[in-house]
Engineer: 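Sharing a structure here in structure tokens format.
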2 protein chains.
Amino acid sequence: MQLDRLVQFHKALGDVTRIRILALLKNGPLHGQALAGKLGVKPPTITHHISKLRDAGLIYERRDKNTIYFYLDEKKLKQNAEAILKIGVEAVMPVNKKENEKYSVLNNFFAADGTLKQIPSMRKKRLIVLEHIVKGLIPGKQYAEKEINEYIKRFHEDYATIRREFIANHYMFRENGIYELNPPELWGK
Amino acid sequence: MQLDRLVQFHKALGDVTRIRILALLKNGPLHGQALAGKLGVKPPTITHHISKLRDAGLIYERRDKNTIYFYLDEKKLKQNAEAILKIGVEAVMPVNKKENEKYSVLNNFFAADGTLKQIPSMRKKRLIVLEHIVKGLIPGKQYAEKEINEYIKRFHEDYATIRREFIANHYMFRENGIYELNPPELWGK
DNA sequence: CTTCTAATTAGATATTCATTTAATTAGTTA
DNA sequence: TAACTAATTAAATGAATATCTAATTAGAAG
């Protein structure tokens, strides 16, 4: 996933020692011992940090005798640094098509404060919205009609319509004026 | 220090949840509960992440009734994201004038592999170089002349000159052919 | 004044991670 | 082959940190 690469990149730069390594390598390649000396840390520490930077694709290396020179890949650095500016919600929110559709419907019909802006007229979208609302109710709990109305009003003023939809689409059932959730496999049927 | 700000910024983006928050806020402000819902985490988790993003200067907020809306500061985001591309060694290596001078002298006279390219003729610079070399010796330990020579040779072939400079500038003292470090307060006197 | 709601703080837990020393590997040179 | 050097790996330790539940605060509305 695109997202993980971004996180990895920023994690790689989220450390003083690594930023210093990076700044040093900007002036040209250096080998491990030189880095360790300049930064006042031990060689294994350099190995550790180098491997993180390498994993993030920011450096490459060339061997000369026993000495390995580390090079900064400035192009990759630039690419990654700018990636965060271009990222969009798609890259970051549920991936599969179904979930994605669900997400965009919810995004369209619910305001940022969680209230329902409008009841969808397309049945498919309406079901998505109903499911979202019904998820705030407790399975197995018995609700008086008044309770249900109050609950629904937190989302939308037309509680009567939504309450009827709950029943008609089998999200809930009613017995003697008491409402209760159906098991999820019946929802929307 | 400039460096710490950079680290803080990248640390702030080095986490999946925070990158997601950021991507969501790109489409406009959201409040805590909305973020928690969309991301599937609990409100305290949002508070936690928001405060990191806020500390990094990436978001600001506006209150409406009980609800606090978080806004992405896209300008700051851009500035910080690009800062890593512009950073130089100065920002990342010893800061105060004295240390800085030290650093550039060492950089000029030592090769990347740690060897001394040339013994400085200016006394001030020579002292910096001597101090650097002498720091590899163990305080309190007694060295035979041969050991000292061997040690110095790792830096420069003219070990005799450097060994004499050690004594003349009080980095070490000699007693019955045995060498030992002086305490640092005597160095260079 | 009481109740409600959104946000935050406190405290706990489990995980990640930077650093070190000691041991090992890989490659060079004699 | 043996001796050396630079780098890496292994293992240990201590600090930072992502998340949660439970308790608390701050503001709004009845």
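Chain letters run A, B, ... following the sequence lines, proteins first and then strands; every chain starts at 1. These numbers come from a predicted model, not from an experiment. Note: hydrogens, waters and symmetry copies are ignored here, and every other heavy atom, side chains too, is used.
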Engineer: Return whichever of A:V41 or B:R54 has its heavy-atom-nearest nucleotide of DNA chain C closer to the 5' end.
Structural biologist: B:R54
Engineer: OP1, OP2 of D:dT5 versus side-chain N and O of A:Q33: anything below 4.0 Å?
Structural biologist: no
Engineer: Heavy atoms from C-beta onward define the side chain here; which of C:dC17, D:dT9, C:dT8 lies closest to that of B:P43?
Structural biologist: C:dT8
Engineer: Do B:K52 side-chain atoms and B:L13 backbone N/O form a donor-acceptor pair below 3.5 Å?
Structural biologist: no
Engineer: Within this structure, what is the CG-to-C1' distance between B:N66 and C:dA6, rounded to whole angstrom?
Structural biologist: 6 Å
Engineer: Just say parallel, tilted or perpendicular for the rings of A:W187 and A:Y171, cut-offs at 30° and 60°.
Structural biologist: tilted
Engineer: Mind calculating the distance between CG (B:D55) and P (D:dA18) to the nearest angstrom?
Structural biologist: 12 Å
Engineer: Return the value, rounded to whole Å, for the distance between atom CZ of A:R63 and atom C1' of C:dG27.
Structural biologist: 5 Å
Engineer: Select base, sugar-phosphate, or nothing to describe what B:S51 touches, counting heavy atoms under 4.0 Å on all strands.
Structural biologist: nothing
Engineer: Decide, yes or no, whether a salt bridge links A:E145 with A:R163 under the criterion of side-chain N to carboxylate O below 4.0 Å.
Structural biologist: yes
Engineer: Side-chain N or O of B:T47 versus OP1/OP2 of C:dT8: is the shortest distance under 4.0 Å?
Structural biologist: yes
Engineer: From the options D:dA7, C:dT29, D:dC20, select the nucleotide whose nearest atom is closest to the side chain of A:K65.
Structural biologist: C:dT29
Engineer: Under a 4.0 Å threshold between the charged nitrogen and the carboxylate oxygen, would B:E157 count as salt-bridged to B:K153?
Structural biologist: no
Engineer: Are OP1 or OP2 of D:dT17 and a side-chain N or O of B:R18 less than 4.0 angstrom apart?
Structural biologist: no
Engineer: Rounded to whole angstrom units, what separation is found between the CD1 atom of A:I50 and the C1' atom of C:dT19?
Structural biologist: 16 Å
Engineer: To the nearest Å, give me how far apart NZ (A:K11) and C1' (D:dT17) are.
Structural biologist: 10 Å
Engineer: Heavy atoms from C-beta onward define the side chain here; which of D:dT9, D:dG27, C:dG27 lies closest to that of A:P44?
Structural biologist: D:dT9
